[in-house]
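Nothing here was measured: the structure is a model prediction, and the numbers come from that model. Side-chain atoms are counted along with the backbone in the values below, which use heavy atoms only and exclude waters and symmetry mates.
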Amino acid sequence: NLVAFEVIASFVLSWCQGWYEYFPHPPVNVLTCVENLLNHYDNKLLQHLTNCDVSAKVYCWPLLYTVFSEVLSAKEWMILMDHVLSNHPGYLLCLVVVYLNCSRQVLLNCTE
């Protein structure tokens with residue numbers, strides 16, 4: 001049990017810094033970082049989401065606060081966490097942009 005606590009504490013302290021500054025609301029600074037990354041790598045998708053009134057609170061925050069556990073199988077999630085824990089904390093934010101890019105065509109087809 002102590003190892004599990006240490007892993008969770010390490011994850012929260014390293015990868016979730018600043019997430020609780022705006023509690024109970026999502027961390028605006030983190031969402032802005034993801035939005036800026038999306039703007040840089042896929043401006044067309046960001047513009048489409050913005051035109052549909054979809055904010056980072058909707059397309060980004062659920063992925064982050066569940067750490068992708070709601071969109072991946074258990075096996076995929078464990079592989080993802082191996083990569084997350086062995087990379088820079090900013091890696092998690094880049095993963096959101098990559099996930100959105102993988103879902104790009106579906107998102108661009110949405111009109112509401």
Side-chain angles (χ1 to χ4, degrees):
N1 289 342
L2 183 58
V3 173
F5 172 77
E6 288 178 5
V7 169
I8 292 169
S10 175
F11 180 80
V12 169
L13 289 174
S14 297
W15 283 267
C16 304
Q17 279 185 339
W19 286 24
Y20 301 101
E21 292 175 8
Y22 301 96
F23 185 80
H25 304 288
V28 175
N29 54 339
V30 174
L31 299 182
T32 301
C33 286
V34 172
E35 197 167 64
N36 288 339
L37 283 168
L38 185 59
N39 183 49
H40 180 76
Y41 290 104
D42 197 344
N43 182 264
K44 182 178 178 182
L45 179 58
L46 178 61
Q47 288 304 313
H48 177 72
L49 293 170
T50 303
N51 292 341
C52 291
D53 292 323
V54 178
S55 69
K57 183 178 179 180
V58 173
Y59 66 77
C60 172
W61 184 232
L63 293 171
L64 289 173
Y65 78 74
T66 63
V67 196
F68 291 86
S69 65
E70 298 294 316
V71 296
L72 299 174
S73 69
K75 184 178 179 180
E76 292 169 332
W77 186 82
M78 287 188 276
I79 293 168
L80 178 80
M81 290 311 295
D82 283 342
H83 289 284
V84 167
L85 294 173
S86 63
N87 280 290
H88 186 275
Y91 186 78
L92 189 58
L93 305 183
C94 294
L95 286 174
V96 174
V97 175
V98 170
Y99 182 82
L100 291 170
N101 189 266
C102 289
S103 306
R104 183 177 200 274
Q105 203 54 50
V106 173
L107 293 170
L108 289 174
N109 288 334
C110 294
T111 58
E112 293 181 29

(request) Kindly work out whether a path of hydrophobic side-chain contacts (I/L/V/M/F/W/Y, heavy atoms less than 4.5 Å apart) joins L72 to I79. (result) no
(request) Check each of Y91, F68, W77 against V84 using the side chain to side chain contact (heavy atoms under 4.5 Å, CB included) test, and report the only one that passes. (result) Y91
(request) Locate the shortest heavy-atom distance separating C52 from C110; write the atom from each residue and the value. (result) SG-O, 3.9 Å
(message) Quick check on the hydrophobic clustering: are V98 and L108 connected, directly or via other members, by side-chain heavy-atom contacts under 4.5 Å?
(response) no
(request) Report yes if some heavy atom in the side chain of L64 is under 4.5 Å from a heavy atom in the side chain of L93; otherwise report no. (result) yes
(message) Hydrophobic cluster membership, with links at side-chain heavy-atom distances under 4.5 Å among I/L/V/M/F/W/Y: are Y65 and M81 in one?
(response) yes
(message) Within the structure provided, determine whether V34 and L63 are in side-chain contact (heavy-atom separation under 4.5 Å).
(response) no
(request) Treat each ILVMFWY residue as a node, draw an edge where side-chain heavy atoms are under 4.5 Å apart, and state whether L85 and V3 are in one component. (result) no
(message) Just so I know, are the side chains of V96 and L100 near enough to count as touching, which here means a heavy-atom distance under 4.5 Å?
(response) yes
(message) Just to verify, which of N39, N101, L107, T50 counts as forming a side chain to side chain contact (heavy atoms under 4.5 Å, CB included) with L45?
(response) L107
(request) Check whether M78 and L80 end up in the same hydrophobic cluster, where Ile, Leu, Val, Met, Phe, Trp and Tyr are linked by side-chain heavy atoms less than 4.5 Å apart. (result) yes
(request) Measure the shortest side-chain to side-chain distance between E35 and Y59 over non-hydrogen atoms and say whether it is less than 4.5 angstrom. (result) yes
(message) Tell me if a side-chain donor or acceptor on S103 pairs with a main-chain N or O of V106 at a distance below 3.5 Å.
(response) no
(message) Using modelled atom types and a 3.5 Å cut-off, is there a donor and acceptor pairing between side-chain atoms of N109 and backbone atoms of Q105?
(response) yes
(message) With heavy-atom distances below 4.5 Å as the criterion, would you say the side chains of S69 and V67 are in contact?
(response) no
(message) Rounded to the nearest 0.5 Å, what separates atom CG in L31 from atom CG in L38?
(response) 12.0 Å
